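For reference, the structure discussed in these notes is given below.
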Amino acid sequence: MTGFASDGAAVFLGKKTGVATRLKDINPSLITIHCRDHRLALATRDSFNSVPVMKKVDDTVEKLYKYYKYSCNHSASLKAVQIAFNQAPLTIKQAKHHRWLSHNQAVASIVRSYQAIVVDLETSNISSDPVGNGILKSLKDPTTLRCLLLLADTLPHLCTVSLLFQRRDVNLGMIKSTMDKTLKTLQIRKTQDGPWLLKEQQIAASINITTEPKADFNTKVRTPFLDQLIDNVTARFTDSDIIDQLSIIDLNGTDTLPSLYGFTELYTLADHFSMQPEDLQTQWQDFLQLVDSMSTQERSVTQLLKLLHTSDCGLQEMYPLVHQLYAITATLPLSTAEVERVFSQVKIIKTSHRSNLKTTTLNRLLNIKLNCNSILFDTLLDKVTNQFFQKKTEDFLQFTQ
């Protein structure tokens with residue numbers, strides 16, 4: 001066991017009796033990891049809370065979701081307005097900071113139906129409805145519109161990173177390069193409008209509101225929010241020393257490989273994994289000479305591990321310590337997405353109408369749902385169907401006799 005990932009709860013990462021602490025008592029070289037997706041969600045949440053205007057917009061998004069979610073009449077009314085505007089009927093999504101992709105989906109559903117939502121609220125009889133009046137007043141505020149458009153331009157970049165973390169083949173090298181690109185994009189968004197902010201005048205005209213120059217908005221909302229977001233992401237993604245040292249074996253982003261590349265980090269890695277530092281450095285130097293002529297695309301962690309495994313030259317036997325480092329890096333659990341998928345499938349399979357499912361049956365259904373491809377599922381389906389009807393036929397014959 002090389003790594004342990006969790007959502008960061010104290011029961012997992014507690015310094016005295018946490019699961020990770022107890023596992024390290026058994027395996028001192030174990031690497032503990034706070035799930036990347038949870039870190040990203042926490043960084044986004046902290047950014048909202050640090051800018052009062054954004055926190056207010058976040059509250060408006062939640063109120064808007066509840067307004068349409070818990071009223072069939074409101075939902076039907078909005079759908080009718082969307083159809084009248086030749087828009088695809090979109091339901092307002094819920095935004096929760098502990099749900100990784102929810103804010104992007106919620107904001108996207110609102111900005112795509114902004115005109116329809118405002119018109120629906122204006123035409124509805126909400127004079128005695130303080131909640132509806134409050135939502136309408138907030139949506140007709142130019143600052144709210146700009147905040148939502150800014151979020152619509154910003155959150156997809158974070159969503160892309162979150163989806164990368166959820167991939168089964170993700171490794172440290174992929175994360176570092178993607179995070180660097182995302183932070184650069186967020187810096188650009190401070191001065192350059194995205195596709196949604198470029199539509200601000202069009203959307204504002206459609207709901208009869210007048211926008212003011214962006215200077216005040218940029219100073220009080222846009223720049224502080226993006227600065228906080230960049231700082232929070234950077235702070236949340238500060239890793240332990242051992243993970244930082246492991247990242248040097250990803251050679252994908254290195255054009256030239258100096259002969260002493262990574263030698264300082266190798267001392268830390270050798271000490272952590274109980275290797276002989278001299279042997280590791282010798283193998284590493286020879287391995288660098290071997291891969292120096294390869295293109296940068298061929299020097300990713302996955303490709304080099306595959307090279308060590310499949311080479312006919314016995315590279316795995318020639319560089320056993322280097323192979324061990326690449327194997328550890330490639331198998332580190334950087335996210336808890338796999339576990340979260342199981343929880344999601346349990347909710348889909350074991351519903352309120354199927355609450356009496358036995359644990360054995362639930363485990364079998366989960367195993368099929370998570371591990372079966374379409375061809376194997378069709379084969380199993382035919383076999384189970386034939387056995388079912390055969391059993392029913394036997395029972396019927398026994399009954400008639």
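Not measured: the values here are computed from a predicted model.
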Would you say that N49 contacts R45 through its side chain, given a criterion of any heavy-atom pair below 4.5 Å between the two side chains? yes
So how far is it from I83 CD1 to L78 CG, rounded to the nearest 0.5 Å? 10.0 Å
Of all heavy-atom pairs linking P333 and I33, the shortest is O-CD1, 3.5 Å
Looking at every non-hydrogen atom in both residues, tell me the closest pair between R299 and L304 and how far apart they are. O-CD1, 3.5 Å
Are side-chain N/O atoms of Q228 and S47 paired as donor and acceptor at under 3.5 Å? no
Treating S113 as the side-chain partner and I110 as the backbone partner, does any N or O pair qualify as donor plus acceptor under 3.5 Å? no
With under 30° as parallel and over 60° as perpendicular, where do the rings of Y68 and H74 fit, or are they tilted in between? perpendicular
Salt-bridge criterion met for K220 and D216 (N-O under 4.0 Å): yes
Roughly how far apart are L266 CG and L280 CG, rounded to 0.5 Å? 4.5 Å
Test side-chain contact (heavy atoms from CB on, under 4.5 Å) on L149 and K199 and set out the steps. CA-CA 9 Å; L149 296 180; K199 296 181 180 180; 5.8 Å; no
Scan for salt bridge (charged side-chain N to carboxylate O under 4.0 Å, His left out) pairs involving residues 221-238, sequence neighbours excluded, and state none if there are none. D46-R236, K190-D227, D193-R222
For E62 and Q94, what are the C-alpha separation, side-chain angles and deciding distance, and is it a side-chain contact (heavy atoms from CB on, under 4.5 Å)? CA-CA 7 Å; E62 179 65 17; Q94 186 177 24; 3.8 Å; yes
Going through the checks in order, is the side-chain hydrogen bond (donor to acceptor under 3.5 Å, both in side chains) test met by Q201 and T211? CA-CA 7 Å; Q201 296 299 327; T211 59; 2.9 Å; yes
Test side-chain contact (heavy atoms from CB on, under 4.5 Å) applied to Y67 and I92, step by step: CA-CA 9 Å; Y67 183 80; I92 307 302; over 6 Å; no
Assess whether atom CZ of F85 is packed by more than 12 heavy atoms of other residues, nucleotides or ligands within 6.0 Å. yes
Polar contact flag, side-chain donor to acceptor under 3.5 angstrom, Q166-S162: yes
Would you say V131 and I135 make side-chain contact, with heavy atoms under 4.5 Å? yes
Pair F217, C147 - check side-chain contact (heavy atoms from CB on, under 4.5 Å), show working. CA-CA 9 Å; F217 172 78; C147 287; 3.8 Å; yes
Is the backbone of L139 close enough, under 3.5 Å, to the side chain of T144 for a donor and an acceptor to pair up by distance? no
The reported gap from OG1 in T178 to CG in L163 (rounded to nearest 0.5 angstrom) is 11.5 Å
Any donor-acceptor N or O pair under 3.5 Å, side chains N218, T223: no
Mark yes or no for whether Q289, through its side chain, and D286, through its backbone, hold a donor-acceptor pair below 3.5 Å. no
Residue K140 excluded, over 12 heavy atoms near NZ under 6.0 Å: yes
Hey, would you say the F287 and Y326 ring centroids sit under 6.0 Å apart? yes
T154 vs L150 side-chain heavy atoms within contact, under 4.5 Å: yes
What heavy-atom pair brings Y261 and D250 nearest, and what distance separates the two atoms? OH-O, 4.3 Å
Has N133 got a side-chain atom pairing as donor or acceptor with D129's backbone, closer than 3.5 angstrom? yes
Hey, is the main chain of E340 close enough, under 3.5 Å, to the side chain of S344 for a donor-acceptor pair? yes
Is the count of non-hydrogen atoms from other residues, nucleotides or ligands lying under 6.0 Å from N356 atom CG greater than 12? no
NE2/H309 to CG/L305 distance, rounded to the nearest 0.5 angstrom? 4.5 Å
Does I348, at its CD1 atom, have more than 12 non-hydrogen atoms belonging to other residues, nucleotides or ligands within less than 6.0 Å? yes
Would you name the heavy atoms of W196 and D153 that are closest together and state the gap between them? N-OD1, 2.8 Å
Please work out whether the ring planes of F12 and F4 are parallel, tilted or perpendicular, with thresholds of 30° and 60°. tilted
Between the side chain of N367 and the main-chain N/O of N363, is any donor-acceptor distance below 3.5 Å? no
Heavy-atom distance under 4.5 Å between the side chains of V170 and I175, does that happen here? yes
pair Q187-L226: side-chain heavy atoms closer than 4.5 Å: no
Consider side chain to side chain contact (heavy atoms under 4.5 Å, CB included). Of L325, I248, L269, L321, which one does W284 pass it with? I248
Do we see a donor-acceptor contact under 3.5 Å between the side chains of H34 and D7? no
Please step through salt bridge (Lys or Arg N to Asp or Glu O under 4.0 Å) for the pair K184 and D180, ending with a clear verdict. CA-CA 6 Å; K184 289 180 180 178; D180 290 343; over 6 Å; no
Is any side-chain heavy atom of V81 closer than 4.5 Å to a side-chain heavy atom of I117? no
To the nearest 0.5 Å, what is the distance between CD (Q115) and CD1 (I207)? 8.0 Å
Measure the shortest side-chain to side-chain distance between P320 and H323 over non-hydrogen atoms and say whether it is less than 4.5 angstrom. no
Which value, rounded to the nearest 0.5 Å, describes the distance between T282 atom OG1 and Y319 atom OH? 11.0 Å
Candidates K56, K55, K63 - the one meeting salt bridge (charged side-chain N to carboxylate O under 4.0 Å, His left out) with D59: K55
Would you say NZ of K214 has more than 12 non-hydrogen atoms from neighbouring residues, nucleotides or ligands within 6.0 angstrom? yes
For I375, does its backbone N or O pair with a side-chain atom of T379 as donor and acceptor, under 3.5 Å? yes
Is it true that D37 and S335 share a donor-acceptor pair across their side chains at a distance under 3.5 Å? yes
Within the supplied structure, the quantity of interest is the number of heavy atoms (other residues, nucleotides, ligands) at a distance under 6.0 Å from R364 CZ; does it exceed 12? no
Is any side-chain heavy atom of L288 closer than 4.5 Å to one of Q285? no
Smallest separation among heavy atoms of L332 and G3, with atom names: CD2-CA, 4.0 Å
Which heavy atom of L151 sits nearest a heavy atom of P156, and at what distance? O-CD, 3.9 Å
Test side-chain hydrogen bond (donor to acceptor under 3.5 Å, both in side chains) on N27 and S29; report intermediate values, then the result. CA-CA 6 Å; N27 180 9; S29 63; 2.9 Å; yes
